[in-house]
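A short worksheet on the structure shown next.
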Amino acid sequence: MPMRVLAFLTLLLLLTGCGSTPSGLRIAGSTSVQPVAERLAEGYRRAGGSRVIVQGGGSTAGVQAVLSGIAAMGAISRSLTPEESEQGLVSHTIGYDVLTVVVHPENPLAQRGLTLAELRAIFRGDVTDWVQLGGRPGPIHLVTREAGSGSREAFRSLVGPVSPRAIVQNSAGGIRAAVMGNPQAIGYVSLGVARMGGVAALAVDGHRPGEVGYPLVRPLSLVTLGQPRGEAAAFLRYIRSPEARQVLAEEGLVPG
């Protein structure tokens with residue numbers, strides 16, 4: 001069974017539960033968007049809005065959840081495809097995320113960083129040992145996201161293809177945990193996840209994540225089927241508030 005189909009079926013079970021459907025605005029999709037969406041949901045509730053249920057599952061699963069009607073909004077960490085736009089989906093950018101390359105804190109490259117060309121060669125599988133980059137001898141263990149992940153698609157667009165030898169994790173937290181536990185590993189997560197600790201964020205082309213000139217930046221968005229209405233429209237209005245923009249900044253996002 002394709003991974004994106006499996007992710008959608010898992011998401012469907014989690015959202016619907018055992019025959020019960022929770023009330024409130026439902027958002028499903030990108031695990032990179034999930035942490036900030038949960039914080040925004042809390043703030044929206046405190047500001048007098050309705051309950052917002054936030055669920056992960058990946059960007060493609062979030063799109064399918066909206067198209068099937070089981071979620072009012074989908075969270076994506078990539079652009080909509082032409083086919084998705086043709087089906088009536090509308091994207092609402094909430095902020096711009098820094099896609100952060102992470103290694104174990106003991107990796108000597110944590111201080112020097114990498115060039116974009118080196119990063120491409122590593123993930124393409126052309127460079128396979130850290131000694132080739134001036135690090136300690138040892139095989140490079142690539143960690144990537146699953147097919148259908150917005151983070152994976154954004155990384156492919158910004159950096160390039162990933163070797164099929166890479167270890168696959170189905171969440172940003174899974175990549176962070178894998179890199180934390182393996183001094184030879186390298187992966188990519190959102191800046192907010194990297195800031196949770198346990199990993200070292202690499203500079204790319206001499207720019208630290210979040211600095212002007214850092215090359216790996218992608219939009220994070222919520223999508224609706226057609227123009228947003230009701231609670232979905234109210235939630236998007238809240239995201240433009242000063243309080244919500246502060247939350248975005250605290251999570252390492254540049255507000256949209």
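Here Arg237 does not pair with Glu231 in a salt bridge; the nearest charged N to carboxylate O distance is not below 4.0 Å. The residues Glu251 and Arg39 are annotated as salt-bridged, a charged nitrogen and a carboxylate oxygen being separated by less than 4.0 angstrom.
Legend: residues meeting side-chain contact (heavy atoms from CB on, under 4.5 Å) with Val131, ordered by chain and number and at least two apart, are Asp129, Pro137. The side chain to side chain donor-acceptor pair (under 3.5 Å) check on Asp205 picks up nothing, with sequence neighbours excluded. Scored by the side-chain contact (heavy atoms from CB on, under 4.5 Å) test, Arg156 finds Glu153 as partners (sequence neighbours excluded).
Annotation for Arg208: atom CZ counts as buried by contact number, over 12 foreign heavy atoms lying within 6.0 Å.
Counted by atom type alone, Gln87 and Glu83 present zero donor-acceptor pairs between their side chains at under 3.5 Å. Looking only at atom types and distance, the side chain of Ser77 has a donor-acceptor partner in the side chain of Arg218 under 3.5 Å away.
Judged by distance alone, the side chain of Arg152 and the main-chain N or O of Arg145 form a donor-acceptor pair under 3.5 Å. For the pair His207 (side chain) and Pro215 (backbone), a donor-acceptor distance under 3.5 Å is absent. In this structure, the side chain of Gln111 does not engage the main chain of Pro108 through any donor-acceptor pair within 3.5 Å. Arg112 places a side-chain N or O within donor-acceptor distance of the main-chain N or O of Leu133, the cut-off being under 3.5 Å.
To the nearest 0.5 angstrom, Thr93 atom OG1 is 8.0 Å from Ile76 atom CD1. Residue Met196 holds its CE atom at 11.5 Å from CE of Met180, rounded to the nearest 0.5 Å.
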Problem - Worked check of side chain to side chain donor-acceptor pair (under 3.5 Å) between Ser50 and Tyr44 - result: CA-CA 7 Å; Ser50 67; Tyr44 179 64; 4.6 Å; no
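Of the options Ser151, Ser59, Ser190, a side chain to side chain donor-acceptor pair (under 3.5 Å) to Ser32 is made by Ser151 and by none of the others. For the side chain to side chain contact (heavy atoms under 4.5 Å, CB included) criterion with Met73, the lone passing option out of Leu236, Val54, Val223 is Leu236.
A 4.5 Å side-chain heavy-atom check between Leu116 and Leu216 finds at least one atom pair inside the cut-off.
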